[in-house]
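The sequence lines fix the lettering, A, B, ..., with proteins before strands; numbering per chain opens at 1.
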2 protein chains.
Amino acid sequence: MIIQLDMQSDVPIYTQLMNQIIEGIARGDLKLGEALPSVRGLASDIGVNLHTVNKAYNLLKQEGFIQIHRQKGVVIQPDAMPLVTPEYELKQHNQLRPIIAEAICRGMTKEQLLQVTEQIHKEIMHNEKGNA
Amino acid sequence: MIIQLDMQSDVPIYTQLMNQIIEGIARGDLKLGEALPSVRGLASDIGVNLHTVNKAYNLLKQEGFIQIHRQKGVVIQPDAMPLVTPEYELKQHNQLRPIIAEAICRGMTKEQLLQVTEQIHKEIMHNEKGNA
DNA sequence: TATCTGTTATATTTGTATTATAACAGATGC
DNA sequence: GCATCTGTTATAATACAAATATAACAGATA
(Lines give C-alpha, C1' and ligand atoms only; values in the text may rest on other atoms or scores of the structure.)
Protein backbone atom coordinates (compact mmCIF):
# COMPACT_ATOMS: atom_id res chain seq x y z
CA MET A 1 0.00 0.00 0.00
CA ILE A 2 1.24 3.44 -0.89
CA ILE A 3 1.43 5.96 1.93
CA GLN A 4 0.95 9.61 0.98
CA LEU A 5 2.07 12.17 3.56
CA ASP A 6 1.49 15.90 3.52
CA MET A 7 4.39 17.44 5.40
CA GLN A 8 2.73 20.88 5.21
CA SER A 9 -0.45 19.69 6.89
CA ASP A 10 -1.23 20.64 10.45
CA VAL A 11 -2.29 17.04 11.00
CA PRO A 12 0.57 15.24 12.80
CA ILE A 13 2.48 12.68 10.73
CA TYR A 14 1.63 9.84 13.11
CA THR A 15 -2.07 10.73 12.78
CA GLN A 16 -1.86 10.78 8.99
CA LEU A 17 -0.21 7.37 9.18
CA MET A 18 -2.96 6.00 11.40
CA ASN A 19 -5.66 7.42 9.12
CA GLN A 20 -4.14 5.92 6.00
CA ILE A 21 -3.74 2.49 7.53
CA ILE A 22 -7.31 2.56 8.83
CA GLU A 23 -8.58 3.62 5.41
CA GLY A 24 -6.43 0.90 3.86
CA ILE A 25 -8.25 -1.64 6.01
CA ALA A 26 -11.63 -0.08 5.28
CA ARG A 27 -11.17 -0.22 1.52
CA GLY A 28 -9.79 -3.74 1.61
CA ASP A 29 -6.28 -2.90 0.44
CA LEU A 30 -5.03 -4.28 3.73
CA LYS A 31 -6.45 -7.72 4.53
CA LEU A 32 -6.90 -9.14 8.01
CA GLY A 33 -3.69 -10.82 9.12
CA GLU A 34 -1.61 -9.08 6.46
CA ALA A 35 1.90 -8.03 7.47
CA LEU A 36 2.85 -4.38 7.72
CA PRO A 37 6.37 -3.02 7.14
CA SER A 38 8.71 -2.86 10.12
CA VAL A 39 9.00 0.43 11.97
CA ARG A 40 12.45 0.98 10.52
CA GLY A 41 11.44 -0.08 7.03
CA LEU A 42 8.39 2.15 6.84
CA ALA A 43 10.19 5.06 8.48
CA SER A 44 12.94 4.79 5.92
CA ASP A 45 10.48 4.46 3.03
CA ILE A 46 8.52 7.57 3.84
CA GLY A 47 11.48 9.53 5.21
CA VAL A 48 10.52 9.98 8.83
CA ASN A 49 11.95 8.88 12.14
CA LEU A 50 11.32 5.37 13.42
CA HIS A 51 9.69 6.76 16.56
CA THR A 52 7.04 8.51 14.51
CA VAL A 53 6.03 5.23 12.89
CA ASN A 54 6.30 3.47 16.23
CA LYS A 55 3.89 5.94 17.79
CA ALA A 56 1.32 5.37 15.04
CA TYR A 57 1.67 1.59 15.34
CA ASN A 58 1.30 1.63 19.11
CA LEU A 59 -1.83 3.75 18.98
CA LEU A 60 -3.31 1.46 16.33
CA LYS A 61 -2.46 -1.51 18.55
CA GLN A 62 -4.05 0.23 21.53
CA GLU A 63 -7.28 0.67 19.57
CA GLY A 64 -7.20 -2.93 18.37
CA PHE A 65 -6.52 -2.46 14.66
CA ILE A 66 -3.16 -4.22 14.56
CA GLN A 67 -1.09 -6.72 16.52
CA ILE A 68 2.55 -6.18 17.34
CA HIS A 69 4.70 -9.28 17.86
CA ARG A 70 7.95 -8.49 19.51
CA GLN A 71 10.27 -10.37 17.23
CA LYS A 72 8.04 -11.14 14.29
CA GLY A 73 6.66 -7.81 13.21
CA VAL A 74 3.38 -6.01 12.79
CA VAL A 75 0.21 -7.48 11.27
CA ILE A 76 -3.33 -6.26 10.72
CA GLN A 77 -5.55 -7.72 13.43
CA PRO A 78 -6.14 -11.26 12.05
CA ASP A 79 -9.30 -12.22 13.95
CA ALA A 80 -11.71 -9.33 13.68
CA MET A 81 -11.73 -5.57 13.71
CA PRO A 82 -12.64 -3.71 16.90
CA LEU A 83 -16.38 -3.24 17.14
CA VAL A 84 -18.69 -0.32 17.77
CA THR A 85 -18.33 0.19 21.52
CA PRO A 86 -20.11 2.86 23.56
CA GLU A 87 -16.77 4.66 23.97
CA TYR A 88 -16.29 4.68 20.23
CA GLU A 89 -19.80 5.96 19.65
CA LEU A 90 -19.12 8.83 22.01
CA LYS A 91 -15.81 9.65 20.33
CA GLN A 92 -17.46 9.55 16.90
CA HIS A 93 -20.27 11.77 18.14
CA ASN A 94 -17.83 14.35 19.46
CA GLN A 95 -15.92 14.30 16.20
CA LEU A 96 -18.97 14.69 13.98
CA ARG A 97 -20.85 17.27 16.02
CA PRO A 98 -18.74 20.38 15.26
CA ILE A 99 -18.47 19.40 11.60
CA ILE A 100 -22.24 19.11 11.26
CA ALA A 101 -22.80 22.35 13.20
CA GLU A 102 -20.58 24.28 10.79
CA ALA A 103 -22.33 22.72 7.82
CA ILE A 104 -25.68 23.91 9.18
CA CYS A 105 -24.30 27.43 9.72
CA ARG A 106 -23.21 27.56 6.11
CA GLY A 107 -26.66 26.63 4.93
CA MET A 108 -26.20 22.99 4.02
CA THR A 109 -29.43 21.04 4.29
CA LYS A 110 -29.66 17.71 6.06
CA GLU A 111 -30.02 16.05 2.67
CA GLN A 112 -26.84 17.65 1.34
CA LEU A 113 -25.00 16.50 4.44
CA LEU A 114 -26.21 12.95 4.03
CA GLN A 115 -25.25 13.07 0.38
CA VAL A 116 -21.68 14.11 1.19
CA THR A 117 -21.44 11.34 3.75
CA GLU A 118 -22.74 8.81 1.26
CA GLN A 119 -20.32 10.10 -1.37
CA ILE A 120 -17.28 9.68 0.87
CA HIS A 121 -18.50 6.25 1.89
CA LYS A 122 -18.64 5.30 -1.77
CA GLU A 123 -15.17 6.71 -2.42
CA ILE A 124 -13.69 4.54 0.28
CA MET A 125 -15.56 1.36 -0.60
CA HIS A 126 -15.20 1.56 -4.39
CA ASN A 127 -11.67 0.33 -4.91
CA GLU A 128 -10.54 -1.35 -8.12
CA LYS A 129 -9.45 -4.60 -6.58
CA GLY A 130 -12.92 -6.09 -6.48
CA ASN A 131 -13.28 -6.19 -2.74
CA ALA A 132 -15.41 -9.34 -2.65
CA MET B 1 -25.36 31.40 25.92
CA ILE B 2 -23.63 29.09 28.33
CA ILE B 3 -20.13 27.97 27.41
CA GLN B 4 -19.03 24.54 28.65
CA LEU B 5 -15.30 23.82 28.57
CA ASP B 6 -13.52 20.54 29.20
CA MET B 7 -10.12 21.41 30.57
CA GLN B 8 -9.05 17.74 30.42
CA SER B 9 -9.82 17.45 26.71
CA ASP B 10 -7.05 17.27 24.16
CA VAL B 11 -9.06 19.71 22.08
CA PRO B 12 -7.52 23.17 22.56
CA ILE B 13 -9.63 25.66 24.53
CA TYR B 14 -9.77 28.13 21.65
CA THR B 15 -11.09 25.34 19.40
CA GLN B 16 -13.74 24.34 21.93
CA LEU B 17 -14.76 28.00 22.09
CA MET B 18 -15.03 28.23 18.31
CA ASN B 19 -17.06 25.02 18.15
CA GLN B 20 -19.51 26.15 20.79
CA ILE B 21 -20.08 29.52 19.19
CA ILE B 22 -20.59 27.91 15.79
CA GLU B 23 -23.04 25.42 17.27
CA GLY B 24 -24.75 28.30 19.06
CA ILE B 25 -25.31 29.95 15.69
CA ALA B 26 -26.42 26.69 14.09
CA ARG B 27 -29.06 26.01 16.74
CA GLY B 28 -30.29 29.59 16.72
CA ASP B 29 -29.22 30.45 20.26
CA LEU B 30 -27.05 33.14 18.73
CA LYS B 31 -28.91 35.33 16.26
CA LEU B 32 -27.33 37.19 13.37
CA GLY B 33 -26.07 40.56 14.57
CA GLU B 34 -26.22 39.56 18.23
CA ALA B 35 -23.45 40.90 20.46
CA LEU B 36 -20.89 38.58 22.01
CA PRO B 37 -19.11 39.25 25.32
CA SER B 38 -15.87 41.20 25.20
CA VAL B 39 -12.62 39.25 25.17
CA ARG B 40 -11.91 40.26 28.75
CA GLY B 41 -15.45 39.59 29.91
CA LEU B 42 -15.70 36.12 28.41
CA ALA B 43 -12.17 35.23 29.49
CA SER B 44 -13.02 36.20 33.02
CA ASP B 45 -16.35 34.35 32.94
CA ILE B 46 -14.90 31.02 31.85
CA GLY B 47 -11.62 31.44 33.71
CA VAL B 48 -9.12 31.59 30.87
CA ASN B 49 -6.70 34.15 29.56
CA LEU B 50 -7.92 36.98 27.36
CA HIS B 51 -5.58 35.89 24.56
CA THR B 52 -7.23 32.49 24.38
CA VAL B 53 -10.62 34.11 23.74
CA ASN B 54 -9.01 36.59 21.38
CA LYS B 55 -7.54 33.76 19.32
CA ALA B 56 -10.92 32.07 18.99
CA TYR B 57 -12.61 35.35 18.04
CA ASN B 58 -10.00 36.17 15.42
CA LEU B 59 -10.24 32.75 13.80
CA LEU B 60 -14.04 33.04 13.73
CA LYS B 61 -13.69 36.47 12.14
CA GLN B 62 -11.23 35.09 9.61
CA GLU B 63 -13.78 32.44 8.59
CA GLY B 64 -16.56 35.01 8.40
CA PHE B 65 -18.73 33.97 11.35
CA ILE B 66 -18.33 37.15 13.38
CA GLN B 67 -17.38 40.78 12.99
CA ILE B 68 -14.97 42.54 15.30
CA HIS B 69 -15.35 46.31 15.69
CA ARG B 70 -12.35 47.87 17.25
CA GLN B 71 -14.06 50.01 19.81
CA LYS B 72 -17.56 48.61 19.84
CA GLY B 73 -17.11 44.91 20.42
CA VAL B 74 -17.85 41.58 18.78
CA VAL B 75 -21.08 40.61 17.00
CA ILE B 76 -22.30 37.61 15.09
CA GLN B 77 -22.06 38.31 11.37
CA PRO B 78 -25.23 40.43 10.82
CA ASP B 79 -25.67 40.03 7.05
CA ALA B 80 -25.31 36.36 6.24
CA MET B 81 -23.26 33.36 7.27
CA PRO B 82 -20.29 32.28 5.13
CA LEU B 83 -21.43 29.95 2.37
CA VAL B 84 -20.32 26.57 1.10
CA THR B 85 -17.16 27.41 -0.82
CA PRO B 86 -14.95 24.89 -2.65
CA GLU B 87 -12.30 25.37 0.05
CA TYR B 88 -14.83 24.57 2.74
CA GLU B 89 -16.02 21.50 0.88
CA LEU B 90 -12.43 20.26 0.71
CA LYS B 91 -11.88 20.91 4.40
CA GLN B 92 -15.11 19.14 5.30
CA HIS B 93 -14.17 16.21 3.10
CA ASN B 94 -10.78 15.86 4.79
CA GLN B 95 -12.41 16.02 8.21
CA LEU B 96 -15.09 13.43 7.44
CA ARG B 97 -12.99 10.93 5.53
CA PRO B 98 -10.99 9.38 8.41
CA ILE B 99 -14.09 9.30 10.61
CA ILE B 100 -16.05 7.39 7.98
CA ALA B 101 -13.13 5.06 7.28
CA GLU B 102 -12.92 4.06 10.93
CA ALA B 103 -16.67 3.53 11.07
CA ILE B 104 -16.42 1.15 8.11
CA CYS B 105 -13.56 -0.75 9.75
CA ARG B 106 -15.68 -1.27 12.83
CA GLY B 107 -18.47 -2.72 10.78
CA MET B 108 -20.91 0.17 10.66
CA THR B 109 -23.11 0.05 7.59
CA LYS B 110 -23.71 3.04 5.38
CA GLU B 111 -27.23 3.21 6.76
CA GLN B 112 -26.02 3.30 10.36
CA LEU B 113 -23.60 6.06 9.47
CA LEU B 114 -26.33 8.12 7.83
CA GLN B 115 -28.54 7.53 10.83
CA VAL B 116 -25.88 8.85 13.24
CA THR B 117 -25.43 11.90 11.03
CA GLU B 118 -29.15 12.50 10.95
CA GLN B 119 -29.40 12.05 14.71
CA ILE B 120 -26.71 14.64 15.42
CA HIS B 121 -28.32 17.00 12.93
CA LYS B 122 -31.56 16.64 14.84
CA GLU B 123 -29.82 17.20 18.19
CA ILE B 124 -28.42 20.48 16.98
CA MET B 125 -31.57 21.76 15.27
CA HIS B 126 -34.10 20.76 17.93
CA ASN B 127 -33.68 23.47 20.50
CA GLU B 128 -36.43 24.55 22.84
CA LYS B 129 -36.58 28.17 21.79
CA GLY B 130 -38.77 27.57 18.78
CA ASN B 131 -36.24 28.42 16.14
CA ALA B 132 -38.74 29.83 13.65
C1' DT C 1 -11.31 62.18 32.61
C1' DA C 2 -12.25 57.50 33.72
C1' DT C 3 -13.65 53.44 31.47
C1' DC C 4 -14.73 50.43 28.06
C1' DT C 5 -13.38 48.32 23.45
C1' DG C 6 -9.90 45.36 20.58
C1' DT C 7 -4.81 45.30 19.54
C1' DT C 8 -0.02 44.70 20.07
C1' DA C 9 4.19 43.43 22.31
C1' DT C 10 7.07 40.56 25.42
C1' DA C 11 8.11 36.80 28.14
C1' DT C 12 7.38 32.45 30.38
C1' DT C 13 5.64 27.89 31.11
C1' DT C 14 4.09 23.61 29.55
C1' DG C 15 3.29 19.97 26.51
C1' DT C 16 3.52 17.72 21.94
C1' DA C 17 5.76 16.38 17.61
C1' DT C 18 9.77 15.04 15.52
C1' DT C 19 14.35 13.82 15.01
C1' DA C 20 18.85 11.76 16.38
C1' DT C 21 21.55 8.19 18.54
C1' DA C 22 22.27 4.32 21.10
C1' DA C 23 21.61 0.24 23.27
C1' DC C 24 18.80 -3.98 24.69
C1' DA C 25 16.43 -8.53 24.12
C1' DG C 26 14.61 -12.11 21.71
C1' DA C 27 14.05 -14.71 17.23
C1' DT C 28 15.80 -16.28 12.72
C1' DG C 29 19.03 -17.72 9.00
C1' DC C 30 23.41 -19.25 7.52
C1' DG D 1 27.94 -19.08 17.00
C1' DC D 2 27.33 -14.87 14.62
C1' DA D 3 25.16 -11.52 11.88
C1' DT D 4 20.75 -9.70 11.15
C1' DC D 5 16.21 -8.85 11.71
C1' DT D 6 12.32 -7.69 14.96
C1' DG D 7 10.06 -4.23 18.52
C1' DT D 8 11.44 -1.72 22.86
C1' DT D 9 13.51 1.54 25.81
C1' DA D 10 16.26 5.47 27.10
C1' DT D 11 18.14 10.04 26.50
C1' DA D 12 18.68 14.35 24.40
C1' DA D 13 17.77 18.13 21.41
C1' DT D 14 14.94 20.97 18.48
C1' DA D 15 10.85 23.19 17.12
C1' DC D 16 6.34 24.58 17.68
C1' DA D 17 1.72 25.30 19.70
C1' DA D 18 -1.23 26.32 23.64
C1' DA D 19 -1.96 29.00 27.41
C1' DT D 20 -0.84 32.35 30.77
C1' DA D 21 0.91 36.82 32.71
C1' DT D 22 1.71 41.68 32.31
C1' DA D 23 1.77 45.86 30.20
C1' DA D 24 0.89 49.35 27.20
C1' DC D 25 -1.58 51.59 23.11
C1' DA D 26 -5.47 53.78 20.51
C1' DG D 27 -9.93 55.00 19.75
C1' DA D 28 -14.79 55.50 21.44
C1' DT D 29 -18.02 56.64 24.98
C1' DA D 30 -20.39 58.17 29.35
Side-chain angles (χ1 to χ4, degrees), chain A residues 3-22 30 33-78 94-95 98, chain B residues 3-21 30 33-78 91 94-95 98:
Chain A
I3 302 276
Q4 285 289 10
L5 292 184
D6 179 1
M7 297 312 236
Q8 316 308 321
S9 169
D10 56 337
V11 180
I13 297 173
Y14 76 90
T15 303
Q16 293 185 49
L17 269 175
M18 293 179 66
N19 287 343
Q20 299 221 10
I21 291 173
I22 289 175
L30 298 173
E34 182 172 337
L36 288 177
S38 71
V39 287
R40 289 180 180 80
L42 182 51
S44 166
D45 272 7
I46 60 185
V48 301
N49 191 272
L50 112 180
H51 289 104
T52 306
V53 175
N54 194 245
K55 183 169 186 177
Y57 276 179
N58 271 290
L59 288 169
L60 286 170
K61 167 190 162 195
Q62 199 175 303
E63 296 186 15
F65 290 102
I66 65 176
Q67 283 184 356
I68 302 180
H69 299 285
R70 187 165 185 137
Q71 278 83 20
K72 294 178 190 172
V74 180
V75 298
I76 306 294
Q77 177 74 35
N94 289 334
Q95 287 175 333
Chain B
I3 301 277
Q4 286 287 9
L5 292 184
D6 179 2
M7 297 313 234
Q8 314 308 321
S9 169
D10 57 337
V11 180
I13 296 173
Y14 75 90
T15 304
Q16 292 185 49
L17 269 175
M18 292 177 68
N19 287 343
Q20 298 220 11
I21 291 173
L30 298 173
E34 182 172 338
L36 288 177
S38 71
V39 286
R40 287 180 180 80
L42 181 51
S44 165
D45 273 6
I46 59 185
V48 302
N49 191 272
L50 112 179
H51 290 104
T52 306
V53 175
N54 194 245
K55 183 171 185 175
Y57 276 178
N58 270 290
L59 288 169
L60 286 170
K61 167 191 161 196
Q62 196 174 307
E63 296 186 14
F65 290 103
I66 66 177
Q67 283 184 356
I68 302 180
H69 299 284
R70 189 168 183 134
Q71 278 83 19
K72 296 177 188 170
V74 180
V75 298
I76 305 295
Q77 179 72 38
K91 184 189 82 167
N94 291 334
Q95 286 175 333

Among A:Leu59, A:Val75, A:Asn58, A:Val74, which residue meets the side-chain contact (heavy atoms from CB on, under 4.5 Å) test with A:Ile66?
A:Val74
So do the side chains of A:Leu42 and A:Leu50 get within less than 4.5 Å of each other, counting heavy atoms only?
no
Hey, are the side chains of B:Tyr57 and B:Ile21 touching, using non-hydrogen atoms and a 4.5 Å cut-off?
yes
B:Gln20 and B:Ile3 have their tightest heavy-atom pair at OE1-CA, 3.7 Å
Rounded to the Å, how far apart are [X] [atom1] and [N] [atom2]?
X: A:Asn58; N: D:dT6; atom1: CG; atom2: C1'; result: 14 Å
X: B:His69; N: C:dT5; atom1: NE2; atom2: C1'; result: 12 Å
X: B:Tyr57; N: C:dT5; atom1: OH; atom2: P; result: 11 Å
X: A:Lys72; N: C:dT28; atom1: NZ; atom2: P; result: 7 Å
X: B:Leu42; N: D:dT20; atom1: CG; atom2: P; result: 12 Å
X: A:Ile68; N: C:dA27; atom1: CD1; atom2: P; result: 17 Å
X: A:Leu36; N: D:dT6; atom1: CG; atom2: P; result: 13 Å

Just checking A:Asp10: base, sugar-phosphate only, or nothing, at a heavy-atom cut-off of under 4.0 Å?
nothing
Would you compute the distance between atom [atom1] of [X] and atom [atom2] of [Y] and round it to the nearest 0.5 angstrom?
X: A:Leu60; Y: A:Lys55; atom1: CG; atom2: NZ; value: 12.5 Å
X: A:Ile46; Y: A:Gln16; atom1: CD1; atom2: CD; value: 9.5 Å
X: A:Ser38; Y: A:Asp45; atom1: OG; atom2: CG; value: 8.5 Å
X: A:Ile13; Y: A:Thr52; atom1: CD1; atom2: OG1; value: 5.5 Å

Looking only at side chains, do A:His69 and A:Gln67 share a donor and an acceptor under 3.5 Å apart?
yes
Within the structure, does a side-chain N or O atom of B:Asn54 lie under 4.0 Å from either OP1 or OP2 of C:dT7?
yes
Represent DNA chain C in dot-bracket notation, 5' to 3'. Only Watson-Crick or G-U wobble pairs with both distances under 3.5 Å count; pseudoknot-style crossings use [ ] and interstrand partners use |.
||||.|||||||||||||||||||.|||||
Walk along nucleotides 16-26 of chain C from 5' to 3' and tag each nucleotide B, S or - by protein heavy-atom contact under 4.0 Å, base first, then sugar-phosphate.
-SSBBB-B--B
